[in-house]
Amino acid sequence: MVITPELNYDQLTIAEATLIQQQLRGHLNLEPLQIEAKTIAGADISLDLYSETVYAGLVVMSYPDLQPIAYSLVKSSTIFPYIPGYLAFREIPAILKAYEQLPVKPDIVMFDGNGILHARRMGIASHFGVITDAITMGCAKKKLAGQYVDPGPSKGEYTQVTDKGEVIGYAVRTKDNVKPVFISPGHQMSLEDSLTLALKCTGKHRLPEPTRRAHEYVNRFRIGTLTEGYHEFDSRTLF
DNA sequence: GCGACAG
DNA sequence: ATCTTGTCGC
């Protein structure tokens, strides 16, 4: 089976999806970041319960300023159900459309989900990175795989998440006395890079800005406060 | 068989 | 993921 972005995920069996993940894993690159990031985007989807319609989008921000520059929103649909460990097959098709709609790609994409913090080291962030060759990382709100000890209560404290003897991510306290977030590299960055970026992207809230904004925008899109398409903020404010 | 289980 | 009221804490 040939893996391409055009492959139709909706009709795959779990066995086939697992095979694809194992195949993509062979293309993972976790070497240190090779660029100085100037932009980072958050990617996420929103949907109505029991609906096949999905509202996907990306919010591009300047880095390290973290000011919104532009966003891309696309309405699509998914048949593939949510199955822990296979989130990529449900969300990537829609996010890919929104990504392709961006005239200029962000240097890094942060996903609402995991990178290599996954049983087969192929969470949605890693999956997307490999098929598009983008630099990606994951930020999940709950643990999917591995073991860890709770990090200290202060913002900035973190512990390793390990699985089968290897470090696959970190449990990071992004806000005082608030549940940790799970960070891991997706593609083309190291474990350490993902941790550094996550901390540099987190401000006053639990979720790092890219993911937090993406979640906000796709939700507003679903509610009707924002419209489909590519939009950018007034360039005059950049002068 | 049992427990875990991103969004 | 989404639905939902109040409540606790900075």
Side-chain angles (χ1 to χ4, degrees), chain A residues 9-10 14 17-18 20-21 24-25 42-58 73-96 98 109-130 136-150 153-155 161-164 168-187 194 198 202-208 210-225:
Chain A
Y9 288 166
D10 287 340
I14 297 301
T18 301
I20 289 176
Q21 294 182 324
L24 292 177
R25 183 175 181 177
D44 194 15
I45 72 167
S46 179
L47 44 75
D48 290 307
L49 205 52
Y50 308 135
S51 172
E52 61 180 52
T53 301
V54 298
Y55 301 80
L58 290 94
L73 299 172
V74 169
K75 185 177 179 179
S76 187
S77 62
T78 327
I79 301 302
F80 202 95
Y82 166 66
I83 301 173
Y86 300 88
L87 178 66
F89 298 92
R90 175 174 171 72
E91 304 194 347
I92 282 186
I95 292 179
L96 195 53
V109 182
M110 182 185 287
F111 285 79
D112 190 345
N114 299 293
I116 64 169
L117 203 167
H118 180 280
R120 292 169 293 286
R121 314 294 183 262
M122 196 43 65
I124 187 170
S126 295
H127 189 132
F128 186 92
V130 171
T136 64
M137 64 178 284
C139 174
K141 298 182 289 299
K142 297 176 185 175
K143 191 202 74 173
L144 169 66
Q147 343 281 169
Y148 74 102
V149 292
D150 207 46
S154 303
K155 174 179 180 178
V161 175
T162 60
D163 183 43
K164 300 173 183 174
I168 58 176
Y170 303 95
V172 184
R173 195 78 67 184
T174 50
K175 183 176 180 179
D176 288 356
N177 300 81
V178 166
K179 296 195 304 178
V181 114
F182 298 86
I183 303 298
S184 63
H187 187 52
S194 68
T202 144
K204 179 183 180 182
H205 309 272
R206 175 162 94 114
L207 296 184
T211 301
R212 194 176 76 81
R213 289 298 185 189
H215 190 280
E216 177 194 334
Y217 281 50
V218 294
N219 200 50
R220 288 183 57 184
F221 174 32
R222 178 176 60 84
I223 301 304
T225 295

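In what follows, chains are A, B, ... by sequence order, proteins preceding strands, each numbered from 1.
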Under the ring pair (Phe, Tyr, Trp, His ring centres under 6.0 Å) rule, what do F80(A) and F89(A) come out as? Steps first, then yes or no, please. CA-CA 7 Å; F80(A) 202 95; F89(A) 298 92; 5.6 Å; yes
Shortest non-hydrogen separation from T136(A) to A125(A) and the atoms involved: OG1-O, 2.6 Å
Test your reading of the model: is there a side-chain donor-acceptor pair from R121(A) to the backbone of H118(A), 3.5 Å cut-off? yes
Examine the side chains of T18(A) and Y86(A) and answer whether a donor and an acceptor come within less than 3.5 Å of each other. yes
Filtered N/O pairs between nucleotides 4-8 of chain C and protein, under 3.5 Å:
none

Output yes when a side-chain donor or acceptor of T202(A) lies under 3.5 Å from a complementary backbone atom of P208(A), and no otherwise. no
Among dG7(B), dA1(C), dC5(B), which is the nearest nucleotide to the side chain of L144(A)? dC5(B)
For I45(A) and I95(A), run side-chain contact (heavy atoms from CB on, under 4.5 Å): C-alpha distance rounded to whole Å, both residues' side-chain angles, the deciding distance at 0.1 Å, then the answer. CA-CA 7 Å; I45(A) 72 167; I95(A) 292 179; 3.6 Å; yes
Minimal heavy-atom distance between D44(A) and V218(A), with the atoms involved, is O-CG1, 3.3 Å
Checking the side chain of K155(A) only, and the main-chain atoms of G203(A) only, is there a donor and an acceptor separated by less than 3.5 Å? yes
For the pair made of OH in Y170(A) and P in dA6(B), what is the distance, rounded to whole Å? 22 Å
Whole angstrom value for the distance that separates C1' of dA6(B) from CD1 of I92(A): 13 Å
If I compare all heavy atoms of D112(A) with all of L87(A), which pair ends up nearest, and what's the gap? O-CD2, 4.2 Å
For the CE atom of M110(A) and the CZ atom of R212(A), what is their distance to the nearest 0.5 Å? 12.5 Å
Pair N219(A)-S46(A), side-chain donor/acceptor within less than 3.5 Å: yes
Where is the tightest heavy-atom contact between H127(A) and A88(A), given as atom of each residue plus distance? ND1-CB, 3.5 Å
Backbone of T78(A) reached by a side-chain donor or acceptor of R90(A) within 3.5 Å: no
Mind listing the closest non-hydrogen atom pair of T53(A) and L47(A) along with its distance? O-CB, 3.5 Å
Once you round it to whole Å, what is the distance between C1' of dC3(C) and CG of L47(A)? 13 Å
Contacts to DNA chain B from residues 82-89 of chain A, heavy-atom cutoff under 4.0 Å, which residues? Y82(A), P84(A), G85(A), Y86(A), L87(A)
Can you sort out which residues in residues 171-185 of chain A have a heavy atom within less than 4.0 Å of DNA chain B? Ascending by number, please. none
Take atom NZ in K143(A); do more than 12 heavy atoms of anything else shown fall under 6.0 Å from it? yes
Atom NZ of K141(A) and atom C1' of dA6(B) are separated, to the nearest Å, by 8 Å
What is the separation between atom NZ on K204(A) and atom P on dC10(C), rounded to the nearest whole Å? 14 Å
For a quick test of reading the model, state the closest non-hydrogen atom pair linking L73(A) to G57(A) and the distance between them. CD2-CA, 4.0 Å
Consecutive-pair stems (3 or more, Watson-Crick or G-U, under 3.5 Å) for DNA chain C: none
Rounded to whole angstrom units, what separation is found between the CZ atom of F111(A) and the P atom of dA1(C)? 15 Å
Could you check if a side-chain atom of I124(A) sits within less than 4.5 angstrom of a side-chain atom of I92(A), using non-hydrogen atoms only? yes
Give, ordered by number, those residues of residues 116-126 of chain A having at least one heavy-atom distance below 4.0 Å to an atom of DNA chain B; if nothing qualifies, reply none. H118(A), G123(A), I124(A)
dA6(B) C1' sits how many Å from L207(A) CG, rounded? 13 Å
What nitrogen or oxygen pairs link the protein and nucleotides 1-4 of chain B at under 3.5 Å?
none

Between H215(A) and dT2(C), is there a side-chain N or O to OP1/OP2 distance below 4.0 Å? yes
Please examine the side chains of Y55(A) and D48(A), heavy atoms only from C-beta on, and report whether any two atoms are closer than 4.5 Å. yes
Charged N to carboxylate O under 4.0 angstrom, R173(A) versus D150(A)? yes
Indicate, with a heavy-atom threshold strictly under 4.0 Å, whether D112(A) touches base, sugar-phosphate, or nothing. sugar-phosphate
Protein-nucleotide distance (I95(A), atom CD1; dG7(B), atom P), rounded to Å: 12 Å
